[in-house]
**Student:** 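Pasting a structure here, questions to come.
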Amino acid sequence: MKRFFTALLLTAATVAIAPTANAAESKTVENIQATRLEQLNTQTKAVENIQATRLAHLDTQTKAIDNIQAARLAGLDARSKSALR
């Protein structure tokens with residue numbers, strides 16, 4: 001009989017503690033997921049910043065090349081005009 005009461009007491013304690021343990025585990029999982037999402041968001045923003053910086057740099061280089069080409073064409077145009085005279 002003593003074993004029966006011990007088993008009953010153990011079952012009751014397990015039933016009483018289980019929802020609390022599940023809730024705590026659920027909150028831990030939610031916290032881990034929130035932390036991972038936050039880290040991914042930070043990484044995404046960093047990648048977007050890097051890409052924006054690269055695009056700005058490429059745009060600047062393109063404008064510089066356009067300016068160089070325009071200057072060369074103007075120089076060639078001036079030389080051809082002076083050679084024709």
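The shown structure was predicted, so the numbers you read here are calculated from the model rather than taken from an experiment. Throughout, residue positions are numbered sequentially from 1 according to the sequence presented.
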**Student:** Going through the distances and angles, do Asn41 and Leu37 end up as a side chain to side chain contact (heavy atoms under 4.5 Å, CB included)?
**Tutor:** CA-CA 6 Å; Asn41 189 30; Leu37 286 174; over 6 Å; no
**Student:** Out of curiosity, Leu55 CG to Ile50 CD1, how far, rounded to the nearest 0.5 Å?
**Tutor:** 12.0 Å
**Student:** Once rounded to the nearest 0.5 Å, what's the spacing between atom CD of Gln51 and atom OG1 of Thr44?
**Tutor:** 10.0 Å
**Student:** Which residue pairs satisfy the salt bridge (Lys or Arg N to Asp or Glu O under 4.0 Å) criterion with at least one member in residues 36-55, sequence neighbours excluded?
**Tutor:** none
